Amino acid sequence: MADLRSMDTLVSLAKRRGFVFQSSEIYGGLGSVWDYGPLGVELKRNLTDRWWRSMVQHRDDIEGLESAILMHPRVWEASGHVSGFNDPLVDCKQCKNRFRADDSRLKGTPGEPDAQCPVCGNKGTLTAPRQFNLMFRTFMGPVEDAAAQTYLRPETAQGTYVNVYNVMQAARLKIPFGIAQIGKAFRNEITPGNFIFRTREFEQMEMQFFVKPGDDEEWFAHWREARMQWHQDLGIRAEKLRFHEHCPDELAHYAKQAEDIQYEFPFGWQEFEGIHNRTDFDLSRHQEYSGKRMEYIDAESKERFIPYVVETALGVGRLLLVALVDAYQEEDVEGEKRVVLKLHPSVAPIKAGIFPLVKKDGMPEIAQRIHADLQKRFRVFYDDGGSIGRRYRRQDEAGTPFGLTVDGQTLEDQTVTVRDRDTLRQERVATDQLIGYLAERVVG
Ligand SMILES: [Zn+2]
């Protein structure tokens, strides 16, 4: 058994099997923008559904929200993104490459003759660092002037903060409570890359948990553990996961405490979820900039305070990449290489492949009837093309946990062979028990 060694292998599998395509590929592609294909959208939807169920459906203290991508431009002044969301950048005048000023490959002092470009190797061609805002700017209405300027949101969290009391009152919540949101956000990253790991357009699953000041550290500890457990419950190998605590100089301007959950990708340990204690920074700033009170009033004690926020922020694309990388296995089965995605059955794009062993003796008709039955409940796939071994392999690569084969014995006793993707064990299951069999194993 072997893990994924190179990202190129995964990028090529993802394209071939329809998980992820490069955006605008026929035009040469668009930098670090990716499209999800048929299997990719199913996997992505299953991952976001699983997160939503655990955050919203299974709890009484968290409600959902979907705020718009476009927001009042003052939001981004209040949040600090207009002034603080800048990266100092360095350009090479020779090769036109652009680097973060903190890029460890830069030698010498950019702007001075001794500085050397890490790409073309020229000396003295690097500009002094200059500020660059990571937000995508756009204009509302027909006139493109400063008054019409707004931004594509760089995070979903602010849409939650400005709605906190709308949600609280509508859902009759009391502190502590949370608001969960899944949505697109945009950052004009300077060094995107590593496939879908860092992209300029991305999707977030964020939950903002509003607590009484003083209870924030306890809730931070709670969510830190809960989020790590969630990834392990998804089947991600524990030895590939770790925490990374932000030291004071890494902390964002709004954060009191922050920990990343990192995964060991083929390109190294990288963050894919963050747990942040954002204190009362955001709500205080919105109170200041909007002129509206953002205080919570405790019904019993009449105490007034601006709630503290503990945030869990997970990148959908990054989680999908973690799921794919962790699931990828190459195995030797009877002298042949088998590529298999051992995805958790609850998030696998297709739950079962349905195969007639041969295209005769009424087997295709029975298999199609089973397919039609199961299709009402699960995403399943009918395949009668090629040898049964090849059909199994195709589903292994797609991460399909079960293969159901209609064979000679089916004609006698109305059972099918059920093959387990991971153990390769086979068992007989009665055709009228298949819905229950799958429901028990793929609903998570
Ligand atoms: Zn250069």
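The figures here come from the full heavy-atom set of this structure, side chains too, leaving out hydrogens, waters and symmetry mates. Since we're looking at a predicted model, the values are computed, not measured.
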Does the ring of Phe186 carry Arg153 above it, NZ/CZ under 6.0 angstrom from centre and within 45° of its axis?
no
Between the side chains of Glu397 and Arg16, is the shortest nitrogen-to-carboxylate-oxygen separation below 4.0 Å, so that they form an ion pair?
yes
Between Arg278 and Glu155, is there a side-chain N and carboxylate O pair less than 4.0 Å apart?
yes
Tell me, please, whether Phe136 has Arg187 positioned over its six-membered ring: NZ or CZ under 6.0 Å from the ring centre and within 45 degrees of its axis?
no
More than 12 heavy atoms of other residues, nucleotides or ligands under 6.0 Å from CZ of Arg394: is that the case?
yes
Can the ring centres of Phe177 and Phe209 be said to be less than 6.0 Å apart?
no
Are Thr125 and Gln94 close enough that a side-chain donor and a side-chain acceptor fall under 3.5 Å?
no
Taking C-beta and beyond as the side chain, do Leu320 and Leu43 meet within less than 4.5 Å on heavy atoms?
yes
For Asp49 and Asn46, what are the C-alpha separation, side-chain angles and deciding distance, and is it a side chain to side chain donor-acceptor pair (under 3.5 Å)?
CA-CA 5 Å; Asp49 283 352; Asn46 293 339; over 6 Å; no
Reference residue Glu264; test salt bridge (Lys or Arg N to Asp or Glu O under 4.0 Å); the match among Arg242, Lys240, Arg237:
Lys240
How about Gln204 and Val316: do any of their side-chain heavy atoms sit closer than 4.5 Å?
no
Side chains of Gln287 and Tyr289: any donor to acceptor distance under 3.5 Å?
no
Ignoring hydrogens and angles, state whether a donor on the side chain of Gln158 or His81 is under 3.5 Å from an acceptor on the partner side chain.
no
Pick one: which of Leu319, Leu241, Leu321 meets side-chain contact (heavy atoms from CB on, under 4.5 Å) with Tyr263?
Leu241
Taking the six-membered ring for Trp, are Phe195 and Trp34 closer than 6.0 Å centroid to centroid?
yes
Which salt bridge (charged side-chain N to carboxylate O under 4.0 Å, His left out) pairs, counting each pair once, include a residue from residues 290-300, with sequence neighbours left out?
Arg293-Glu295, Glu295-Arg304
Would you say Lys212 has more than 12 foreign heavy atoms packed within less than 6.0 Å of its NZ?
no
Could you verify whether a donor N or O on one side chain and an acceptor N or O on the other, from Glu273 and His231, lie under 3.5 Å apart?
yes
Does one side chain, of Gln181 or Ser67, offer a donor that lies under 3.5 Å from an acceptor on the other?
yes
